[in-house]
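Please read the structure below before turning to the comments.
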Amino acid sequence: LQTTPLKSNQYLFSSNFLQKNNFELYLFDHSKQCLQRLTYTSWQELDPFFSPAQEKIYFSSNQSGSFHIYSAGINTSDTCLKLPPSVTLK
């Protein structure tokens, strides 16, 4: 698990907690206890970070068979997974 702290208690990270052999990108808003999945692929997405204005994300992925750097716009209006009070991400 690798995180990048953002403004307003948000964290950008890659994780394989849903599928053991597949890392996806996520955005967690700590103040809202909201987890948003940003990628839905069968490839590995790793080492995410935001552009300086935080309007794009950059990450490494093996989409082409070997790892390269990719960029993508970010849509923060997607539905988030609200975490129950018994689950906390620290």
Could you give all pairs that pass the salt bridge (Lys or Arg N to Asp or Glu O under 4.0 Å) test and reach residues 11-25, with sequence neighbours left out? Glu24-Arg37
State the CG-OG distance between Leu46 and Ser14, to the nearest 0.5 angstrom. 5.0 Å
Does any non-hydrogen side-chain atom of Phe49 lie less than 4.5 Å from one of Ile57? no
The reported gap from CD in Gln36 to CD in Gln10 (rounded to nearest 0.5 angstrom) is 9.0 Å
Do the side chain of Ser60 and the main chain of Phe67 share a donor and acceptor less than 3.5 angstrom apart? no
Hey, does Glu45 have a side-chain heavy atom less than 4.5 Å from the side chain of Phe59? yes
Distance-only, no hydrogens or angles: does the Thr41 side chain make a donor-acceptor pair with backbone N or O of Trp43 under 3.5 Å? yes
Is the shortest heavy-atom distance from the side chain of Ser51 to the side chain of Tyr58 under 4.5 Å? yes
Taken to the nearest 0.5 Å, the spacing of Asn21 CG from Ser42 OG works out to 12.0 Å
Gln19: side-chain contact (heavy atoms from CB on, under 4.5 Å) partners, not counting sequence neighbours: Asn22
Approximate separation, where rounding is to 0.5 Å, of His30 NE2 and Tyr11 OH: 7.0 Å
Considering only heavy atoms from C-beta outward, does the side chain of Leu18 approach that of Tyr26 to under 4.5 Å? yes
So, do Leu12 and Leu38 sit near enough that their side-chain heavy atoms are less than 4.5 Å apart? yes
Mind checking side-chain contact (heavy atoms from CB on, under 4.5 Å) for Ser64 and listing every partner two or more places apart, or none if nothing turns up? Ser66, His68, Tyr70
Short question: side chain of Asn62, backbone of Gly65 - any donor-acceptor pair under 3.5 Å? no
Pairwise distance CG(Asp29) to CG(Leu35) - rounded to 0.5 angstrom: 10.5 Å
Distance check, rounded to the nearest 0.5 Å: Phe23 atom CZ versus Ser61 atom OG? 12.5 Å
